[in-house]
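A quick write-up on the structure given underneath.
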Amino acid sequence: RGSSAAPPATPLCVAGRCLEPARSRGTPPAKAMGDDGPTDMPSALTFVIESFQDPKFVAQVEEFKNINLEVFAVPCTDGSHPLEWTPLFNKYKRMFEEQLHRALDLARVDFAAFMEYVQQCSDAYGGQPGYEHFDAMLASLTSSEDYNAFVQVMFSAVQENWVPEADAPPPLPGVQMHHVDITVPTGYSEGQSMQIEYLGVVHEVVVPPDVTAGMTIRVALEVQDKQAQDN
């Protein structure tokens, strides 16, 4: 991209470190000093991208998501998230940080130098055709540092693994019907409408007759099927 047309860049934050955009630094450096002398930085970047595509690491991430699906397939009635989501986010974050540091150690590349190079590549090439693998790696790294992005990853995993209940009528095309248990909050009684957040979407649920605060009800929540939308 020409320097005059480059959009404003944002800081790149990975592994707890944020680097300011590298404007006016010219061409990204091609070399970084490793333990055994100069290491080709583009090759190191390729190596890191491949490490995030490594089947063992991909399987590790998928296993983490599958093990914790039920933890995120829960309704939230007070606008907050369950406390157990935070330590799971930290564990998810460590997986990506350790994979990155492991790849950089094998490539014998300094972390700070690599991050500076990645920032400059992002400023220069991010989002352009032909750099999809770089964009995917960058998205994985940065999303693992962002709690809200992590939560969306888990919400998507819940939807991808959704299985309709055996006795439930077939849903409409492009729709999933998720059956969940909701404990009626204090202050609500029959006929009143509750706002329930599930998978990042707010649903209106009416308290059924003869139900009072503290009682648990089972409801069907309509969720848009993202996979059907993508297809």
Side-chain angles (χ1 to χ4, degrees), residues 1 7-23 25-69 71-72 84-157 160:
R1 297 172 182 169
T10 56
L12 177 67
C13 297
V14 176
R17 182 196 299 262
C18 292
L19 298 177
E20 289 301 321
R23 303 183 181 90
R25 290 183 184 172
T27 304
K31 301 282 185 178
M33 187 64 68
D35 293 339
D36 295 336
T39 301
D40 180 74
M41 191 64 83
S43 296
L45 177 59
T46 299
F47 184 74
V48 170
I49 292 175
E50 291 174 349
S51 76
F52 277 86
Q53 298 171 336
D54 180 78
K56 289 184 178 180
F57 179 68
V58 172
Q60 180 185 2
V61 174
E62 288 302 310
E63 181 182 21
F64 172 90
K65 292 191 290 187
N66 291 333
I67 289 175
N68 296 292
L69 284 176
V71 180
F72 291 83
E84 57 191 317
W85 289 11
T86 299
L88 288 174
F89 164 63
N90 291 332
K91 184 175 181 179
Y92 182 83
K93 177 179 177 181
R94 282 196 302 273
M95 278 197 306
F96 282 85
E97 290 177 352
E98 290 171 359
Q99 184 72 358
L100 172 62
H101 283 286
R102 184 159 45 243
L104 293 180
D105 287 344
L106 290 173
R108 302 185 185 279
V109 171
D110 175 73
F111 175 82
F114 176 78
M115 290 304 300
E116 182 176 5
Y117 179 75
V118 169
Q119 177 67 68
Q120 294 183 3
C121 288
S122 177
D123 294 345
Y125 314 122
Q128 292 192 10
Y131 292 89
E132 289 81 8
H133 290 309
F134 171 79
D135 291 338
M137 180 216 61
L138 191 59
S140 295
L141 284 174
T142 53
S143 67
S144 68
E145 296 289 315
D146 186 305
Y147 171 80
N148 290 324
F150 160 72
V151 169
Q152 291 301 319
V153 167
M154 295 306 301
F155 287 168
S156 295
E160 291 167 4

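Values below: all heavy atoms of this structure, side chains included; hydrogens, waters and symmetry mates excluded.
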Checklist outcome for this item: Residues A107 and F47: closest non-hydrogen pair is CB-CD2, 4.1 Å
Checklist outcome for this item: Here the gap from F134 atom CZ to S122 atom OG, rounded to the nearest 0.5 Å, amounts to 5.0 Å
Item to check | Separation between CD of E97 and OG of S144, rounded to the nearest 0.5 Å | outcome: 6.5 Å
Checklist outcome for this item: Nearest heavy-atom contact between V109 and F114 is CG1-CB, 3.8 Å
Item to check | For F96, all residues meeting ring-ring contact (aromatic ring centres under 6.0 Å, His included), sequence neighbours excluded | outcome: F52, F57, Y92
Checklist entry - Residues in salt bridge (Lys or Arg N to Asp or Glu O under 4.0 Å) with E50, at least two apart? => result none
Checklist outcome for this item: When rounded to the nearest 0.5 Å, the distance separating OG1 of T46 from NE2 of H133 is 10.0 Å
Checklist entry - Rounded to the nearest 0.5 Å, how far apart are CG of L88 and NZ of K93? => result 14.5 Å
Item to check | Partners meeting side chain to side chain contact (heavy atoms under 4.5 Å, CB included) with D146 (sequence neighbours left out) | outcome: N148, A149
Checklist entry - Which salt bridge (Lys or Arg N to Asp or Glu O under 4.0 Å) pairs, counting each pair once, include a residue from residues 55-68, with sequence neighbours left out? => result E62-K65
Item to check | Audit row: L45, M137, side-chain contact (heavy atoms from CB on, under 4.5 Å) steps and yes/no | outcome: CA-CA 10 Å; L45 177 59; M137 180 216 61; 4.0 Å; yes
Checklist entry - Sequence neighbours excluded, which residues qualify as side-chain hydrogen bond (donor to acceptor under 3.5 Å, both in side chains) partners of E84? => result none
Checklist entry - Is there a donor-acceptor contact under 3.5 Å from the side chain of Q60 to the main chain of V58? => result no
Next on the checklist: Apply ring-ring contact (aromatic ring centres under 6.0 Å, His included) to residues F72 and F150 and explain how you reach the verdict.
Outcome noted: CA-CA 11 Å; F72 291 83; F150 160 72; 5.6 Å; yes
Checklist outcome for this item: Residues at least two apart in sequence or cross-chain that pass side-chain hydrogen bond (donor to acceptor under 3.5 Å, both in side chains) with R102, listed by chain then number, are Q99
Next on the checklist: What's the separation between atom CE in M41 and atom CD in Q120, rounded to the nearest 0.5 Å?
Outcome noted: 9.5 Å
Item to check | Residues that N90 engages under side chain to side chain contact (heavy atoms under 4.5 Å, CB included), provided they are two or more places apart | outcome: T86, R94
Checklist entry - What's the shortest heavy-atom distance between F111 and L100, and which atoms? => result CE1-CD2, 3.6 Å
Item to check | Nearest-0.5 Å distance that lies between atom CD1 in I49 and atom OH in Y131 | outcome: 11.0 Å
Item to check | With Y147 via side-chain hydrogen bond (donor to acceptor under 3.5 Å, both in side chains) - residues at least two apart | outcome: H81
Next on the checklist: Checking S156 now: which residues fulfil side chain to side chain contact (heavy atoms under 4.5 Å, CB included) with it, not counting sequence neighbours?
Outcome noted: E160, K226
Item to check | Flag, side chain of D135 to backbone of G126, donor-acceptor distance under 3.5 Å | outcome: no
